[in-house]
Amino acid sequence: QVHLVESGGGLVQAGGSLRLSCAASGLAFSANSMGWFRQAPGKEREFVAAIPRSGVTTRYADSVKGRFTISRDTAKNTVYLQMNNLKPEDTAVYYCAATGNTINLHITEQYPNWGQGTQVTVSS
């Protein structure tokens with residue numbers, strides 16, 4: 001059974017930083033592309049960042065480009081999201097997701113496996 005467990009969320013002031021982690025088990029981590037999505041209250045879940053199984057050619061939503069960095073550590077079966085210069089509009093529950101697909105990694109429906117999410121709150 002696939003388990004994705006996010007951690008690292010919390011409350012931070014605008015301009016601050018957080019690093020989210022997602023520990024994966026029950027899957028062949030190196031064979032999966034990984035993504036981060038977020039969902040704010042009253043809004044649909046949206047794409048944040050993705051990293052293919054090769055670890056090359058990462059992809060970001062325009063709203064986070066230049067501020068967020070996705071990375072993966074195959075030895076630890078973990079994917080990270082480093083978030084810098086956080087803004088109040090980044091407040092959301094952040095979800096980690098895994099897929100065997102290698103294309104259209106910005107699309108929610110491409111991911112069959114999801115974590116429970118971790119709350120990120122950015123105060124102004």
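Numbering starts at 1 and runs along the sequence shown. Just so we're clear, the structure is a prediction, and the values are computed from it rather than from any experiment.
For Glu89, the side chain to side chain donor-acceptor pair (under 3.5 Å) test picks out no residue, with sequence neighbours left out. The side chain to side chain donor-acceptor pair (under 3.5 Å) test applied to Asn101 returns Thr99, not counting sequence neighbours. With sequence neighbours excluded, the residues that form a side chain to side chain contact (heavy atoms under 4.5 Å, CB included) with Thr91 are Gln119, Thr121, Val122. Thr69 pairs by the side chain to side chain donor-acceptor pair (under 3.5 Å) definition with nothing, not counting sequence neighbours. Ala49 is linked by a side chain to side chain contact (heavy atoms under 4.5 Å, CB included) to Tyr60, Ile70, Leu81, counting only residues two or more places apart in sequence or in another chain. For Asn113, the side chain to side chain contact (heavy atoms under 4.5 Å, CB included) test picks out Val2, Leu4, Ala98, with sequence neighbours left out. Residues passing the side chain to side chain contact (heavy atoms under 4.5 Å, CB included) test with Thr57: none are found, sequence neighbours excluded. In this view, Phe47 and Phe37 satisfy the ring pair (Phe, Tyr, Trp, His ring centres under 6.0 Å) rule, not counting sequence neighbours.
The distance from the CZ atom of Phe68 to the OG atom of Ser63 is 7.5 Å, given to the nearest 0.5 Å. Atom OH in Tyr80 sits 11.5 Å away from atom CD1 in Ile51 (nearest 0.5 Å). Between atom SG of residue Cys22 and atom CZ of residue Phe29 there is a gap of 7.5 Å, rounded to the nearest 0.5 Å.
Judged as a salt bridge (charged side-chain N to carboxylate O under 4.0 Å, His left out), the pairs with a partner in residues 50-66 (not counting sequence neighbours) are, in order, Asp62-Lys65. Listed by first then second residue, pairs satisfying salt bridge (charged side-chain N to carboxylate O under 4.0 Å, His left out) with a partner in residues 69-80 number zero, not counting sequence neighbours. Among pairs with a residue in residues 17-46, those fulfilling salt bridge (charged side-chain N to carboxylate O under 4.0 Å, His left out) read Arg38-Glu46, Arg38-Asp90, at least two apart in sequence or across chains.
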Which donor-acceptor pairs under 3.5 Å do the side chains of residues 5-14 make with protein atoms, sequence neighbours left out?
residue: Glu6; atom: OE1; partner: Gln116; partner atom: N; Å: 3.1
residue: Glu6; atom: OE1; partner: Gly117; partner atom: N; Å: 2.9
residue: Glu6; atom: OE2; partner: Cys96; partner atom: N; Å: 2.8
residue: Glu6; atom: OE2; partner: Gly117; partner atom: N; Å: 3.2

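A pairwise comparison of heavy atoms in Ser33 and Tyr111 identifies O-CE2, 4.3 Å as the closest pair. Across all their heavy atoms, Ser21 and Trp36 have their closest contact at O-CH2, 3.7 Å.
Both Val79 and Leu27 belong to a common hydrophobic cluster when Ile, Leu, Val, Met, Phe, Trp and Tyr are linked at side-chain heavy-atom distances under 4.5 angstrom. Leu18 and Met34 fall within a single hydrophobic cluster, where Ile, Leu, Val, Met, Phe, Trp and Tyr side chains are chained together by heavy-atom contacts under 4.5 Å. Under a hydrophobic clustering in which Ile, Leu, Val, Met, Phe, Trp and Tyr are joined whenever their side-chain heavy atoms come within less than 4.5 Å, directly or via other members, Val48 and Tyr95 fall into different clusters.
Side chains of Thr102 and Pro52 form no contact here, defined as non-hydrogen atoms less than 4.5 Å apart.
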